[in-house]
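Each ligand, and each atom within it, is numbered from 1 in the order the structure gives. If you're wondering where the values come from, they're calculated on a predicted model, not measured in any experiment.
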Amino acid sequence: MSPVAVRFAPSPTGRLHIGNARAAVMNWLFARKQGGSFMLRMDDTDRERSTAEYAAGIEEDLRWLGLEWDRYARQSDRLDRYTAAAERLKAAGRLYPCYETPDELGLKRKAQLAQHRPPLYDRAALRLTDADRARLEAEGRRPHWRLKLEHTPVVWDDLVRGTQRFQGQDLSDPVLIREDGQPLYTFASVVDDIELGITHVIRGEDHVANTAVQIQLCEALGGPVPAFGHFPLITDASGAGLSKRLGSLSLKSLREESGLEPLSILSLLAKIGTSDAVEARGTLEELVADFDLAKVGRGTPKFDAEDLHRLNAQILHHMPYAAVADRLPALGMAGADEAFWLAVRPNITHVAEAKGWWDITHAPLAPVVTDAAFLEAAAGLLPAAPWGPDTWGQWVDAVKAATGAKGKALFMPLRLALTGLEHGPELKTLLPLIGRERTLARLSGQTA
Ligand SMILES: Nc1ncnc2c1ncn2[C@@H]1O[C@H](COP(=O)(O)OP(=O)(O)OP(=O)(O)O)[C@@H](O)[C@H]1O
């Protein structure tokens, strides 16, 4: 058996959204789990809507997620392959020229629907004589080309949906090549899957009907026919579909505006709509280990941004300093060290929020003074420098013994004076970061 080869094949007509990313994640995890290869293929034959900027944006998004590709292809580099495949189909009598305009096709469809018949192409072009075609071309009409489907059953064992059955006679002969010579998605995709050795096509269920046609096309081109798996499409929280062109829920905005970590998105996308619970995972390897296409369910997964934020917080709570060290200076935390990161990571949902704690530990702050006499007494008991992890314990024991204050009455005035807030990271870890001088000043009510 040939080694497993999968592809993620976006059209570069917008930035990737969370649904597209699911397709990328599924394919990448499948490849890694099976020891196979993952290809990024830009389906850019739509010249009007594809741009190099969007292609670069898609690459940026995938790299940010950590989904590196083993192979890369661009359909616009392979146009000669589609021409060659079209010639083979013509020679085999499977590709035929049609001359109807979109308006004429629209009228035919309307008439069929009015008679409660399915709106299938009526194959009128197959009945044209050479003379008819010559006359149409003389009128200036250029042909588009349709695949002549076999009127036989098409059956495949879908890796997600189980056995799928279509009848060739229930499907319209698909247009493979437009009037202007542009190969359409259905065609280019199958030529590539065959020639690039794709063994498994894993994609959203928006492609199920395409698959029936593509299996026939693949056979007409001499195969081999890959395995197919179609997973349900993600909707937004209101149940509405996503579209690259509308820019909905793009990875770029989740990264740049919402400040999410790639692993939160990966953790969500690897598990949403599967029989596994959605949980934060600290590495891609853990997600690979859990992955099994058989766990993907048939229900429509709804994307809820709240889930991502919850996962993000969980991921940050365990994130080592090395994973963020490079990013902290650019977020206004130049000089932030491991002690600072370990102190604040349990209290943040997004990395940028660490800046709030950076300011509290490193910039002037107006303390909240609730009991000046108590704070003065506490100031007199502050241990001498140097301070370490035990300083807080020693200090509060002394304050407790001297004042008799306990529990909240002991901690809250100190927390408010030192941080200005009622909640936050453990004072045991914050105190050495704030330092003795600043602590003394804040205890006396000064902005420091
Ligand atoms: N909402 C979704 N949920 C899961 N997968 C999706 C979703 N939308 C698209 N996909 C998958 O993303 C992959 C790339 O598809 P494609 O580039 O056609 O994106 P698209 O968002 O459908 O495009 P467009 O909005 O530009 O029509 C395909 O495998 C497709 O099935």
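Those atoms of ligand 1 with a heavy atom of Ser243 less than 4.0 angstrom away are 25 (O). Proximity to Phe231 (heavy-atom distance under 4.0 Å) selects the following atoms of ligand 1: 4 (C), 5 (N).
For atom 5 (N) of ligand 1, the nearest protein heavy atom (residue, atom name, distance) is Gly19 O, 3.0 Å. If you check which protein heavy atom lies closest to atom 1 (N) of ligand 1, you get Ile234 O, 2.9 Å. Of the protein's non-hydrogen atoms, the one nearest atom 27 (O) of ligand 1 is Arg245 NH2, 2.6 Å. Protein heavy atom at the shortest distance from atom 15 (O) of ligand 1 is Asn20 ND2, 3.9 Å. Atom 18 (O) of ligand 1 has Ser11 OG, 4.2 Å as its closest protein atom, hydrogens excluded (heavy atom only). The protein non-hydrogen atom at the shortest distance from atom 28 (C) of ligand 1 is His207 NE2, 4.1 Å. Scanning all protein heavy atoms for the shortest distance to atom 7 (C) of ligand 1 gives Leu233 CD2, 3.6 Å. Given atom 23 (O) of ligand 1, the protein heavy atom at minimum distance is Lys244 NZ, 3.3 Å.
The pair Glu60-Arg15 meets the salt-bridge criterion, since a charged nitrogen lies less than 4.0 angstrom from a carboxylate oxygen. In summary, Arg127 and Asp132 do not engage in a salt bridge, as defined by a charged side-chain N under 4.0 Å from a carboxylate O. Ion pairing between a basic and an acidic side chain is recognised when a charged N comes within 4.0 Å of a carboxylate O; Arg141 and Glu104 show such pairing. Under 4.0 Å is where a charged nitrogen must lie from a carboxylate oxygen, and between Arg74 and Asp77 at least one such pair does.
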For Phe8 and Trp28, what are the C-alpha separation, side-chain angles and deciding distance, and is it a ring-ring contact (aromatic ring centres under 6.0 Å, His included)?
CA-CA 8 Å; Phe8 172 57; Trp28 193 91; over 10 Å; no
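For ligand 1, the polar-atom distance check finds no N/O of Leu242 at less than 3.5 Å from any of the ligand's N/O atoms. Any N or O atom pair closer than 3.5 Å counts here, and Arg22 shares no such pair with ligand 1. For ligand 1, none of its N or O atoms has an N or O atom of Ala23 under 3.5 Å away. For ligand 1, none of its N or O atoms has an N or O atom of Ile202 under 3.5 Å away. Below 3.5 Å of separation, one finds no N or O of Arg203 facing any N or O of ligand 1.
Not a single donor-acceptor pair under 3.5 Å links the side chain of Asp290 to the backbone N or O of Leu287. The backbone N or O of Glu150 lies less than 3.5 Å from a partner atom in the side chain of Gln216, making a donor-acceptor pair.
For the side chain to side chain contact (heavy atoms under 4.5 Å, CB included) criterion with Pro143, the lone passing option out of Arg178, Glu100, Arg133, Glu137 is Glu137.
At least one test fails for Arg32 against the ring of Phe291: distance under 6.0 Å to the centre or angle within 45° of the axis.
Between the side chains of Thr274 and Asp276, no donor-acceptor pair is found at a separation under 3.5 Å.
With a heavy-atom cut-off of 4.0 Å, Asp206 touches ligand 1 through its side chain alone. Contacts with ligand 1 closer than 4.0 Å are made by side-chain heavy atoms of Thr13 only, the backbone lying farther away. Only side-chain heavy atoms of His17 come within less than 4.0 Å of ligand 1; its backbone N, CA, C and O stay farther off.
Proximity of Tyr185 to Gln214: side-chain heavy atoms (C-beta onward) are separated by under 4.5 Å at one or more points.
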